[in-house]
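Only one structure is covered here, and it is reproduced in the block below.
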Amino acid sequence: MGVVSARIKAADAVFAAVKDFYFTSRYGQRRGDPNICDLTFGNPHEMPLAGLVTALRERAAPKDKDWFAYKTSEEEPQAFLAERLSRELALPFEPSDIALTSGAFAAIMVAFRLVLDAGDEAVFSEPAWFCYEPMLLAADADPRKVKLKAPSFDLDLAAIEAAIGPKTRLVIVNTPHNPTGRIYDDSTLKALAELLERASTKYGHRVFLLSDEPYRRLRFDGHGFTSPASFYPWTLISYSYGKVLLAPGQRLGYLAFSPRMPAAERKALQGVMFATQMALGWCFPNAIMQYAVPDLENLSIDQAALARRRDLLSGPLSQAGYDVLLPEGTFYLWAKWPKGNAEDHWNRLADRDVFVLPGSIMNAPDYFRISLTASDSMVARALPAFR
């Protein structure tokens, strides 16, 4: 028996591509260099939102002796979020439906541990956020991957249904979708709910849905958003403030249960949330972030700037021979390399100090992702290199 557990070895093997890219690749060697155009990850390249800074400064000032005492999911932010989420998603959330977490990372891992036992399967669609698979492996679950339907990158409902088997307990849907920017429409989500109901009946146990929604407030061109929880009662929702605030280093998010879930199952999940969050290493936000929830709720990065960068890039990229999928949400632009070797294309951009996220990290080697959180000057400097 080795020093490292088998599940962490498996997670590490899947994370290897991301780890190598971030730390040792040509990008890793130049990361942080002010002379490069960093279009890779959703990191800020400008100063933080003034409202965020003000809120954290004001909420850091203690008002009583318990200001920095242990904090679980505090009643005031729970009640506040239940009311706001009810309005936003048109579903009657109650405070006990909301578990505050240290970002969506923690919310997702809590969801995995809530509904999955060792050896259970979880289905998700690729290209996908590169953390689902290693997180599932670390939870002793088995990932089952299906492909989105290129070039539109719609959900392949037939493939999802075919991938669900007797050991499947969870399906994961990310909308708006990272990396493609797709927002799945009501007809697709309704059909997904119907197939999950069929699968649950077929196998004699409930197949849950995790709706990962950290980008749902970042949408382009007036696109609406409907949560899958509106159609499938057995839905868990993960959310992060790190995207809309562009402050991923300040960890704040939540896991919410659909209020349409039958009362017995909903109460069973609510009843073990405290124990789950504690057992996984105190997955609660720190005190200051919880106090700041009402201050942060209406803040957002400049979405007009995201749209401007999207449009500045998409036209010239298309003219230069890249196939570009215009995003409906998120802050990413998903594009297909021109004909030729993808790695050679990536290196030619790197030779010109332009760094994008290679699609190979998301099992889509013919594509790449651009983060629109890059500064305007980075976008302007990158355009000649793309051409």
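- Side-chain atoms of R31 and Y22 include a donor-acceptor pair closer than 3.5 Å.
- No side-chain donor-acceptor contact under 3.5 Å links D66 to the backbone of A69.
- Cluster annotation: Y132 is not connected to L137 through the hydrophobic network of ILVMFWY side chains, with a link wherever side-chain heavy atoms come within less than 4.5 Å.
- Checked for salt-bridge contact, D185 and K190 miss the test: no charged N lies under 4.0 Å from a carboxylate O.
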Run L255 and L210 through side-chain contact (heavy atoms from CB on, under 4.5 Å) and show every step you take. CA-CA 10 Å; L255 184 69; L210 174 63; 4.3 Å; yes
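- In this structure, M289 is not a member of the same hydrophobic cluster as F284, with clusters built from ILVMFWY side-chain heavy atoms closer than 4.5 Å.
- For the pair Y184 and H177, the minimum side-chain heavy-atom distance is below 4.5 Å.
- Side-chain contact check for T168 versus F208: every heavy-atom pair is 4.5 Å or farther apart.
- Looking only at side-chain heavy atoms (C-beta outward), V123 and I172 stay at 4.5 Å or farther from each other.
- Aromatic pair Y332/Y215: centroids less than 6.0 angstrom apart.
- Between the side chain of Q29 and the backbone N or O of T24 there is at least one donor-acceptor pair closer than 3.5 Å.
- In summary, the aromatic rings of F93 and F257 are positioned with their centroids too far apart to meet the 6.0 Å limit.
- Through direct or indirect side-chain contacts shorter than 4.5 Å among Ile, Leu, Val, Met, Phe, Trp and Tyr, L326 is connected to no other residue.
- A distance below 6.0 Å separates the ring centres of F355 and W346.
- Panel note: side chain N174, backbone P176; a donor-acceptor pair is recorded below 3.5 Å.
- No more than 12 heavy-atom neighbours from other residues, nucleotides or ligands sit within 6.0 angstrom of NZ on K267.
- For R84 and E88, the salt-bridge test fails: no basic side-chain N is under 4.0 Å from an acidic carboxylate O.
- Expressed to the nearest 0.5 Å, how far CD of E194 lies from CD of E161 amounts to 10.5 Å.
- One distance of note links CG of D117 with NZ of K167; it measures 11.5 Å at 0.5 Å rounding.
- Taking the six-membered ring for Trp, W129 and F105 have ring centres closer than 6.0 Å.
- Between the R169 side chain and the E121 main chain, no donor and acceptor come within less than 3.5 Å of each other.
- Residues passing the side chain to side chain donor-acceptor pair (under 3.5 Å) test with R381: none are found, sequence neighbours excluded.
- With salt bridges taken as basic N to acidic carboxylate O contacts below 4.0 Å, one links D97 and R266.
- Checking S258 against Y232 by side-chain atom types alone, no donor-acceptor pair falls below 3.5 Å.
- In this structure, the side chains of I370 and T40 stay at 4.5 Å or more apart for every pair of heavy atoms.
- No side-chain donor from either of Y367 and D323 sits under 3.5 Å from a side-chain acceptor of the other.
- F124 and L148 end up in the same hydrophobic cluster when Ile, Leu, Val, Met, Phe, Trp and Tyr side chains are linked at under 4.5 Å.
- Taken to the nearest 0.5 Å, the CG atom of L349 stands 12.5 Å off from the CD1 atom of I36.
- For the ring-ring contact (aromatic ring centres under 6.0 Å, His included) with H345, the lone residue among Y322, F386, W337 that qualifies is W337.
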Start with the C-alpha gap between Y291 and K71, add the side-chain angles, then the distance that decides, and say whether side-chain contact (heavy atoms from CB on, under 4.5 Å) holds. CA-CA 10 Å; Y291 298 142; K71 304 298 178 188; 3.1 Å; yes
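- A donor atom on one side chain and an acceptor atom on the other are not found under 3.5 Å apart for Y254 and Y241.
- Between D12 and K19 there is a salt bridge, with a side-chain nitrogen of the basic residue lying less than 4.0 Å from a carboxylate oxygen of the acidic one.
- At a threshold of 4.5 Å between side-chain heavy atoms, the hydrophobic network of Ile, Leu, Val, Met, Phe, Trp and Tyr places L91 and Y239 in one connected group.
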Start with the C-alpha gap between R182 and T175, add the side-chain angles, then the distance that decides, and say whether side-chain contact (heavy atoms from CB on, under 4.5 Å) holds. CA-CA 7 Å; R182 288 302 314 276; T175 180; over 6 Å; no
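- Atom CG in N286 sits 8.5 Å away from atom CG in L252 (nearest 0.5 Å).
- Remark: the backbone N or O of V379 is not paired with any side-chain donor or acceptor of R309 at under 3.5 angstrom.
- Side-chain N or O atoms of S375 include one that pairs as donor or acceptor with a backbone N or O of M378 at under 3.5 Å.
- Side-chain contact between R206 and E197 is present, with at least one heavy-atom pair separated by less than 4.5 Å.
- At least one side-chain heavy atom of R387 sits less than 4.5 Å from a side-chain heavy atom of P316.
- Looking at V171, L155, I160, L157 one by one, the single match for side chain to side chain contact (heavy atoms under 4.5 Å, CB included) with V146 turns out to be I160.
- Shown here is K339, whose NZ atom has no more than 12 heavy atoms of other residues, nucleotides or ligands within 6.0 Å.
- The line from CD of E74 to CG of L100 is 8.5 Å long, rounded to the nearest 0.5 Å.
- Between the side chains of N35 and R30, not a single donor N or O lies within less than 3.5 Å of an accepting N or O.
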Apply side-chain contact (heavy atoms from CB on, under 4.5 Å) to residues D154 and T188 and explain how you reach the verdict. CA-CA 9 Å; D154 288 316; T188 299; 5.7 Å; no
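- A salt bridge links E133 with K145: at least one charged nitrogen is closer than 4.0 Å to a carboxylate oxygen.
- Rounding to the nearest 0.5 Å gives a distance of 7.5 Å between CD of Q78 and OG1 of T72.
- In this structure a side-chain-to-backbone donor-acceptor pair under 3.5 Å is missing from H223 to I183.
- Ion pairing of D295 with R59 is present here, as a side-chain N (NZ or NE/NH1/NH2) and a carboxylate O approach within less than 4.0 Å.
- For the pair R310 and F220, the distance from NZ or CZ to the six-membered ring centre is under 6.0 Å and the angle to the ring normal is within 45 degrees.
- No hydrogens or angles considered: a donor-acceptor pair under 3.5 Å links the side chains of W234 and E265.
- Side-chain atoms of L280 and R113, non-hydrogen and from C-beta on, do get closer than 4.5 Å to each other.
- There is a path of hydrophobic side-chain contacts, each under 4.5 Å, that joins F23 to F21.
- A heavy-atom distance below 4.5 Å is found between the side chains of S318 and V324.
- Side-chain contact of D20 with S25: a donor-acceptor pair under 3.5 Å is absent, judged by distance alone.
- The side chain to side chain donor-acceptor pair (under 3.5 Å) search around T330 returns none, not counting sequence neighbours.
- No side-chain donor-acceptor contact under 3.5 Å links E213 and S238.
- Not a single donor-acceptor pair under 3.5 Å links the side chain of S371 to the backbone N or O of L39.
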